[in-house]
Structures are given as structure tokens and as C-alpha cells.
Amino acid sequence: MKLLTHNLLSSHVRGVGPRGFPLRLQATEVRINPVEFNPEFVARMIPKVEWAALLEAADTVRTLPHARARPEWGGGRGRSHRRPGSLARVGMPRGDLGLCPQLHLVEVPKEPIEGYEHDEKFLRKMHHVLLEVDVLEGTLQCPESGRLFPISRGIPNMLLSDEETET
Amino acid sequence: MFGLNDLRSRMIDVQTQMTGRALELLCLPEGQPCYLLDIGCGSGLSGDYLSDEGHYWVGIDISPAMLDAALDRDTEGDLLLGDMGQGIPFKPGTFDGCISISAVQWLCNANKKSDIPAKRLYCFFSSLYSVLVRGARAVLQLYPENSEQLELITIQATKAGFTGGVVVDFPNSAKAKKFYLCLFSGPSTFLPKALTETTDEEEATESAFTSERIQRRMARRGVVRKSREWVLEKKERRRRQGKEVRPDTQYTGRKRKPRF
């Protein structure tokens, strides 16, 4: 789950309404994915970002003791968003990475700066934080009801029970 | 003789074709990367198409097995395990558009005794309306079992505030016929033209619905309840809603004997 997605998610537990975001993020495993930089997309998403929630999420992720970085794939499908990998790590088991023990998470700017649409440096930082940080394991907590949504293999489980569903 | 692989690859082709058509009907601004929602994303076939077009997307599916397959296929969009009938768990105005391939008709099935399809449909459509940017569209390809099911779906979409209609491609071909529910969350615009076999087919294959409320309420105020006039007006109203109504005869709204 990218931090952009986390920033836009909202709890839909019955009765919570507009107090359902931001979901509080707890992460136990995170991965950095290289994603092709698209300044236009990043600039268009900036106005939608809940800045305080993003800063909090970035802090949570940054202090992770066992964060791992994903090896760059040499082979693979060469999809448009991925940068071509320089190392051929095909066949390497996921668990054993032997790479950097901490996240290279850039500083998140305190707020959007004036004229951000044309500031490439700023946009690149935001691109990295929003699109290249992938939370693999953790939880999301509804701020109003306290309900926890688990994240497993990068996929948040948002299934509600019957009692929790809006009538 | 065809093998399972041939069938599988044909199914994949059809899914891909339908995604392309849905994207076309979505009428996104040229050359702009958008943030899209994929309802019932399954193993990410449709999502891959969106990525190839330069868009970013979030997919929701209720099947952990399908999402596992999507993980194996290394899709680029984010995946959520969720039930669309419980609502779309995002902030208002999040998505520039929404597509769905072969999923929405499942809301008409009551999986549990407590499920009421109309409620789940309304919950889905009202939350979808909210999470779309004002003026954004949703294009939902679906397989309605019959016209009643399609009507149930479109009524709930209208209640949720959407305008739009159903585009039926290749209406005369049993094999190629496809339904696309095109929903607009802003002011009414033109419904896209359906695809047909021959170019000189004049038959209209699109049906539009709006949330325009015609001024009939005022006319009803003067009518006495349970009078013949009231009964006739009520029957007419039900006909406008597309419901089955007995034809009006000389006996319609006639005074009955006291035992009634």
C-alpha cells in the first residue's frame, strides 16, 4: 500500500462519516519500489494530500527498525512505471535481501511550497514519499471507532462485519 | 478442437477489450495521467491496461485468491480486499474516474440472508458518487441477468445522484452484446454512442436516465386521496417508473361495495 493510498483512505464503519480519516498507520514491514517519475501526476495529487497525516505516516515508516529495500528487477515485464533495473536479481528469494538496513526516505517537506507545480526538486521528493514507499505489513486504525484494518502483503483488509456496515 | 489455454486466452482478450472500451467511454482528458478506481479488479488484468495508458489506480476485490493472483502478476496499482456493497472507503473527491469489468451484477446476489441487494447497491453507488471528483465518470461493464436486474441497478444509481445511462454494444449479437453503465457525477452530458455491427443501423441502443424531477408533485396536491383521479395518477406514475401496471378500464377506481 503506497502512502498516497493511505492518505486518501477513509474508514467506512457505520456512524463514522467524515471523522473516518486519516487512518492511523502502524507499519512493521515496508519496501521501497522504484517508480517512474511523472511530475504532472504528482502535481495534480498535491492538493488532495492531507499534509499532517502524510508527515505522521512518513515518521512512522522512517523509524521502522527492519525496513528493507526491494531489489531492482533486471528481467520482468518492463512495465511503464518501473525504471529499468540495473541489477539482475531474478530468482532471488524475497526474504533474503542483504541490502540497506534502513529506509532511504527523503525528508518530507513541511507543506506544499509556493509554485510547487514547477519545482522539480519538491515534486521528486513528493513522488518518492507518495508512490515509492510500499507498506507491506501493518495496521490502519479508524480514528473515530478505533477499529483496526490489517495490512498483509501490501493489501489492506477493509472488509466490515454486518454490524459495522452502514444501513 | 480448443484447449483450456485457448479458452483462457480468449477470456483474457475479452476482458482486455472491455477494459479498453470502458476507458474509451470514460472520456478522460487527453494525455493526462489520472487516479482511477477499479471495482472488482480481480487479478489485475484491467488494472494493467490502465497502467499501460499511464494512469495510476486502486483496485478493490472481495476475493483473496484473485488478489493473490494480482500480487503474483506484480500489478502497479494498489489493491484492497473489500466488499463494494459495504461502500468505497475513500475520502470525497479522491478519484478522477472509475471503471469496473464484469463485477457490479454481483451486488444483485444476496450472499447472506441478511443481504438486501437494493441496500447494497445504494450503499455502493452513494459512496462511489462521493469518492469521485465532481464531474467525474464511472463506467461499469456488467452482465445483467434480465431487464429487472438492470432496472434495479440503474434505479439505485439514480437515487445516489448519478445521471447517465446504459450503452449496449452490438445489441443484435448474442455473443458480442455488452452492457456498459455510464454514470456521470456532474451535470448531464451526452451519452456516448454504442457500437453496432452495421453503420446504417438507426436503432437507438442507449437509454439515458436523469435525476431531473418533473413538476408533477404540484399537480397531485389538488387531488383527493383514493379518488378515481388519484388512482389513475398513481398508475401513470408507476408506468413512468417502468413498473408493470394493469391497463385502465371503466372499472378503474370505481367505488366498491362496503365489504372492501
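Predicted model only: the values in this text are computed from it and were never measured. All values below come from the heavy atoms of this structure, side chains included, with hydrogens, waters and symmetry mates left out.
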Using non-hydrogen atoms and a 4.5 Å limit, figure out which bit of A:Leu131 sits close to chain B: side chain, backbone, both or neither. side chain
Residue from B:Ile155, B:Leu181, B:Val166 passing side chain to side chain contact (heavy atoms under 4.5 Å, CB included) with B:Leu150: B:Val166
Provide the closest heavy-atom pair for B:Leu50 versus B:Leu23 in the form atom of the first, atom of the second, distance. CD2-CD1, 3.6 Å
Heavy-atom distance under 4.5 Å to chain A: side chain of B:Ile62, backbone, both or neither? side chain
Just give me the residue among B:Ile88, B:Asp68, B:Val131, B:Ile60 that pairs up with chain A most often, heavy atom to heavy atom, under 4.5 Å. B:Asp68
Which heavy atom in A:His127 sits nearest to a heavy atom in A:Glu36, and how many Å separate them? CE1-O, 3.3 Å
For B:Ala22 and B:Ile99, which heavy atoms make the closest approach, and how far apart are they? CB-CG2, 4.2 Å
Which one of A:Met1, A:Lys2, A:Met45, A:Met158 has the most heavy-atom pairs closer than 4.5 Å to chain B? A:Lys2
Modelled atom types, side-chain donor and acceptor of B:Ser102 and B:Gln141, under 3.5 Å: yes
Which residues in residues 27-46 of chain B have a heavy atom less than 4.5 Å from any heavy atom of chain A? B:Gly31, B:Gln32, B:Pro33, B:Cys34, B:Tyr35
If you measure from the Lys or Arg side-chain nitrogens to the Asp or Glu carboxylate oxygens, is any gap between A:Asp119 and A:Lys125 under 4.0 Å? no
Taking every heavy-atom pair that is under 4.5 Å apart, which of A:Asn7, A:Leu8, A:Asn157 has the most such pairs with chain B? A:Leu8
Using non-hydrogen atoms only, which part of A:Phe41 is less than 4.5 Å away from chain B: side chain, backbone, both, or neither? both
As a quick check of understanding, evaluate side-chain contact (heavy atoms from CB on, under 4.5 Å) for A:Thr60 and A:Arg24, giving each step before the final call. CA-CA 10 Å; A:Thr60 307; A:Arg24 173 154 284 123; over 6 Å; no
Under 6.0 Å from the six-membered ring centre of A:Phe149 and within 45° of its axis: does the NZ or CZ of A:Arg147 meet both? yes
Should the pair B:Asp169-B:Lys178 be classified as a salt bridge under the 4.0 Å nitrogen-to-oxygen rule? no
